[in-house]
Colleague: 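Please read through the structure below; I'll follow up with questions.
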Amino acid sequence: MPFQPLQQEPEIQRRWLESGAFRAKRAAELPAGSRTFYMLVMLPYPSGRIHMGHVRNYTLGDVTARFRRMRGDEVMHPLGWDSFGLPAENAAIKHGIHPALWTRRNIEEMKGQIQKMGISYDWDREIASFQDDYYRWNQWLFLQMWERGDVFRAMRTVNWCEELGTVLANEQVVDGKDERTGYPVVQKPLEQYFFRTTKYADELLYCLDGLDWPDNVKTMQRNWIGRSEGARLAFDLEGGSQVEVFTTRLDTLFGVTFMALSTEHPVIEKAAETDPALKAFCDQVAAMSREDRLMSDIKLGHRSAVSAIHPFTGEKVPVFAANYVLMDYGTGAVMGVPAHDERDHAFALKYGLPIPKVIEAESEWDLGVLVNSGEFTGMRSEDAVTAMVAKLQGRAEKTVTYKLKDWGLSRQRYWGTPIPTVHCPACGVVPERPENLPVRLPEDVAFTGHGPSPLTTSASFLDTTCPHCGKPARRETDTMDTFVDSSWYWLRYLDPKNPELPFAKAESDAWMPVDLYVGGIEHATMHLIYARYFYKVLRDLGLASGPEPFQKLICQGMVLKDGSKMSKSRGNIVDPDEVISKYGADALRLFMIFAAPIEKEIDWTGFEGIEGASRFLKRITRMVEEHEVCGDALPGRDQLSPEEKALLIKLNQTIARLTDDLEKRYQFNTVVSGLMELSNAITDLPADAPHRGAVMQHVLDAFVRLMSPVAPHLAEQLWSQLGGPGLCMQAAWPAADPAYLEADEVMVVVQVNGKVRGRVNVPASATEADRRAAALACPEAQAHLAGKEVVKIVVPPGGKLVSLVVK
RNA sequence: GCCGGUGUGGCGAAAUGGCAGACGCGACGGACUCAAAAUCCGUUUCCCCCUAAAGGAGUGUCGGUUCGAGUCCGACCACCGGCACCA
């Protein structure tokens, strides 16, 4: 059969689906002692069409899943849909189509596209977060967390987007704009639901050490969590009250010449009540957008009428409201040490404050030895902190702060999981009873595109009774951030139809942790921190085991076109469907794997790359085509011609290398070049080789299995042609035969003073002494040895090289 | 500013301390063809050289460790990414 992927691929996909070869076993079905492999890709948002980024991601996952199956592992390889979120709601506003309908159509479309790629997903485990048998478990988990105190309500200044009418997480705000739509974001106080992520800040930080994740992702998470060791210290204010500061440099305490408080700090707000000028300053700072505040690093301040008292010297210290102090970090108050902090220094210069030096060090910002610090003078910074905390007797303590914030999950949108609480005039905010779940999204809502959430227009949704007192009450109209959906979805795949629980522990114990997780780097801080947080909560709820959900993470690089991201607005999209309908899925898969190492970007400059992939597939089809199926037994090593032997050695070396690349190194592009090298070696076997039929049958049989993870359709076709039993995808991965890993004769490289000067052939059985002798006798090396003394001979393990050192 | 990563032919890249440039793309030359496409064969880091043999240089720069460094260590340069008034 010739290479006709467009005809053959759909037929082969049908055989796979009918055979159930993609199905993953349930925990109870797993044979005792079986190795499991959970291959997970980040679930897609059903935007309408798949793009090259999906193709790259899913191909990589599929290569691994198929390889592991052939190796004999039990493989879990599912896919689902992250199907709540703003685009569906926008489509409803723009085109008058209900979000559910829009979402269903998109899923159907994209699923068809993904199936055309021949990705081996167990579709029986498919889930979609917009379906109530998924999101009811978001609600159930929310109630569990409420019970444990992992959910709380609080007034917080939030990132408010007027255009969208909703709150955004810090992670979703970039440069004062919504990272997705670019709409401006302002600060506004609002009562919100929060997950207490800060409770796990320390564990989220130290567990990173044990993960096999890319360095940059771990670093981004560490920065995001932002652990900082220091001390809290309370300053007395004139008139009785106190203000608490957080500092990492308690040792500089004698250098304090002012206090800087956030304009939102209660002490400042109170002072502003009787101080119009201070009030005006605070209003001016509040009016600045977050962007402007960050853009200008000009330190602005306004002196209040309040003074603090230095705990050691008893001196009066002026209290300022300052624009550079953030209310949501530390305590919202800073002790100003102009001599040893860059920002305080700039501030003091501007407002004419004294700048006394209290640390002697290489640079004024470094730790060092204390000077002008009373009884602490002469101590090292580290020791001074401990001594001062002791001396301050309860007024100060060592403490740790984090940049990580609690996760605000309220969204004033329709297309999300309804938060399962009720507002009762008598009982306040009351959680819904678990037996009343799911709280379903109502259908009778209007999508106008402006004003409050559509949920607030549905009487059938709003009117309810209080789960506590039974009197009439109003449902919560906030929905959950869609990141909740993606924070535990991989566990629902393991038990997608469970009506009692989000998933059975037996299933998660059988499959978790995920062995390989593949997705885009853009999820380094948001999704990948939330998911880790949720898993820790689930563990503490007794629902899952183990500290971390994703053991190994790979972030695949983007697919670019002419140096920039493919996007509709740029009009530079290469549609995967078009490529498949011209070259077939295997050619596209092969190209994606081969083009570059997986974590690097691929630039789709033109179709040359995929032409090359297609050429390779045609060549190997021809190779099998020209071979006649041969039932002869493979002769023993001694009977083979040198060329035949060389080919078998190449085959077995390739098997060893590919196995290593796929199993341990997760290096995929060299898998393809290994296949190409082997195919070149097969082509080089002379037509008149004495045992050509048997050797070719043996080599092609293995070759087809080796290529199966990358180009599974063609492998399946060639497997049939070669007379292989059953499906190639269910055949065993070839094992390297140790007898064929080394040739009879091996080449030894001869170095003289570190430079390659010659090569000699020795029998594989040659001892180290033989190899030394052969190297010394090597004619090319002789020329460089003449008249000199050999002072040292090094033969590294493996004996493929002899290094001669001469004087 | 802080943190992380990356620098190798015309291009994508390989080299798991041991022959730098495997494999592929492109280009050039040739075969087949009336011609083209497709396919097949060959050449393709630089210098010296008619050519070859034989040399020499070469993995961002400078230094170090080592019999041996693209790989390990130190400093620097360039680029990419993340964070950033975080007290």
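Every chain is numbered from 1 and lettered A, B, ... according to where its sequence line falls, protein lines coming before strand lines. All figures in this text were calculated on a predicted structure; none of them were measured in a lab.
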Colleague: Nearest to the A:His784 side chain among B:rG55, B:rA57, B:rC83, which nucleotide is it?
Modeller: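 From the listed options, B:rG55 comes nearest.
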Colleague: Using a cut-off of under 3.5 Å, enumerate the N/O to N/O pairs linking the protein to nucleotides 18-24 of chain B.
Modeller:
from	atom 1	to	atom 2	distance (Å)
B:rG18	N2	A:Gln751	OE1	3.1
B:rC19	O2	A:Arg759	NE	2.9
B:rC19	O2	A:Arg759	NH2	2.7
B:rA22	O2'	A:Glu677	OE2	3.2
B:rG24	OP1	A:Asn680	ND2	3.3

Colleague: Taking the six-membered ring of A:Phe347, is the NZ or CZ of A:Lys299 close enough (under 6.0 Å from the centre) and on axis enough (within 45°)?
Modeller: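 No - A:Lys299 does not lie over the ring of A:Phe347 by the 6.0 Å and 45° rule.
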Colleague: Counting distance alone, no hydrogens or angles: does the base of B:rC83 have a donor or acceptor under 3.5 Å from a partner atom on the side chain of A:Lys403?
Modeller: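 Flag unset: no donor-acceptor pair detected.
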Colleague: Output the single nucleotide from B:rG82, B:rG4, B:rG56 whose closest atom is nearest the side chain of A:Asp215.
Modeller: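 Given the options B:rG82, B:rG4, B:rG56, the side chain of A:Asp215 is closest to B:rG4.
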Colleague: Between P on B:rC67 and CD on A:Glu789, what's the gap in Å once rounded to a whole number?
Modeller: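 So the two atoms are 16 Å apart, to the nearest Å.
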Colleague: Considering Watson-Crick and G-U wobble pairs with both distances under 3.5 Å, what does B:rA78 pair with?
Modeller: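 B:rA78 is paired with B:rU6.
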Colleague: Could you state the CE-P distance from A:Met220 to B:rC3, rounded to the nearest angstrom?
Modeller: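 These atoms are roughly 17 Å apart.
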Colleague: Take atom P in B:rG9 and the same atom in B:rU61, then report the distance between them in whole Å.
Modeller: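 After rounding to an integer number of Å, I get 10 Å for this pair.
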Colleague: In whole Å, measure the gap between the C1' atoms of B:rA14 and B:rG30 for me.
Modeller: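 Here B:rA14 and B:rG30 have their C1' atoms 29 Å from each other.
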Colleague: Could you check which nucleotide pairs with B:rU39 in any of the strands shown, counting Watson-Crick or G-U wobble with both distances under 3.5 Å?
Modeller: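 With both distances under 3.5 Å, B:rU39 matches B:rA31.
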Colleague: Sticking with atom P, work out how far B:rU43 lies from B:rC76, rounded to a whole angstrom.
Modeller: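 To the nearest whole Å, 46 Å.
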Colleague: Within the 4.0 Å heavy-atom criterion, would you say A:Asn669 contacts the bases, only the backbone, or no part of the nucleic acid?
Modeller: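 Contact class for A:Asn669: sugar-phosphate only.
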Colleague: Which base, if any, makes a Watson-Crick or G-U wobble pair with B:rG21, both distances under 3.5 Å?
Modeller: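 Result: none.
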Colleague: What does A:Lys600 touch in the nucleic acid at a heavy-atom separation under 4.0 angstrom: a base, only the sugar-phosphate, or nothing?
Modeller: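 Sugar-phosphate contact only.
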Colleague: Less than 4.0 Å between a side-chain N and a carboxylate O, is that true for A:Arg222 and A:Asp209?
Modeller: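 Yes, charged N to carboxylate O under 4.0 Å.
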Colleague: Parallel under 30°, tilted from 30 to 60°, perpendicular over 60°: which one fits the rings of A:His310 and A:Phe254?
Modeller: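 Rings of A:His310 and A:Phe254: tilted, 30 to 60°.
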Colleague: Would you kindly give the NZ-to-C1' distance between A:Lys618 and B:rU39, to the nearest whole Å?
Modeller: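 So the NZ-C1' distance, A:Lys618 to B:rU39, works out to 10 Å.
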Colleague: So, does A:Lys299 get its side chain near the phosphate of B:rA87, meaning an N or O under 4.0 Å from OP1 or OP2?
Modeller: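 Result: no.
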Colleague: Using a 4.0 Å heavy-atom cut-off across all strands, classify A:Pro597 as base, sugar-phosphate, or nothing.
Modeller: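 Sugar-phosphate only.
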Colleague: I want to check one thing: is the phosphate of B:rG4, taken as OP1 and OP2, less than 4.0 Å away from some side-chain N or O of A:Lys218?
Modeller: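 Result: no.
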Colleague: Given the side-chain rings of A:Trp224 and A:Tyr402, with only the six-membered ring counted for Trp, is the space between their centroids under 6.0 Å?
Modeller: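 Not under 6.0 Å, so no.
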Colleague: With a 3.5 Å limit on both atom pairs, tell me what B:rG26 is paired to, counting Watson-Crick and G-U wobble, or say none.
Modeller: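 Pair assignment: B:rG26 / B:rU44.
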Colleague: For a quick test of reading the model: is some side-chain N or O of A:Arg757 closer than 4.0 Å to OP1 or OP2 of B:rA54?
Modeller: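 It does not, given that no N or O in the side chain of A:Arg757 lies less than 4.0 Å from OP1 or OP2 of B:rA54.
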Colleague: Using atom P of each nucleotide, how far apart are B:rU16 and B:rC11 to the nearest Å?
Modeller: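 One P to the other, the span is 23 Å.
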Colleague: Can you tell me how far P of B:rC80 sits from CG of A:Asn216, to the nearest Å?
Modeller: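 Answer to the nearest Å: 16 Å.
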Colleague: Suppose you measure atom P in B:rC41 against the same atom in B:rC46; what distance do you get, rounded to whole Å?
Modeller: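 After rounding to an integer number of Å, I get 24 Å for this pair.
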Colleague: Classify the nucleic acid contact of A:Gln667 as base, sugar-phosphate or nothing, counting any heavy atom under 4.0 Å across all strands shown.
Modeller: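 Answer is sugar-phosphate: A:Gln667 comes under 4.0 Å of backbone atoms only.
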Colleague: Which whole-number value in Å describes the distance from A:Ile602 CD1 to B:rC25 P?
Modeller: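 Checked: the CD1 to P distance equals 16 Å.
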Colleague: Can you tell me the distance, in whole Å, between the CG atom of A:Asp603 and the C1' atom of B:rC80?
Modeller: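 For the pair A:Asp603 CG and B:rC80 C1', the rounded distance is 15 Å.
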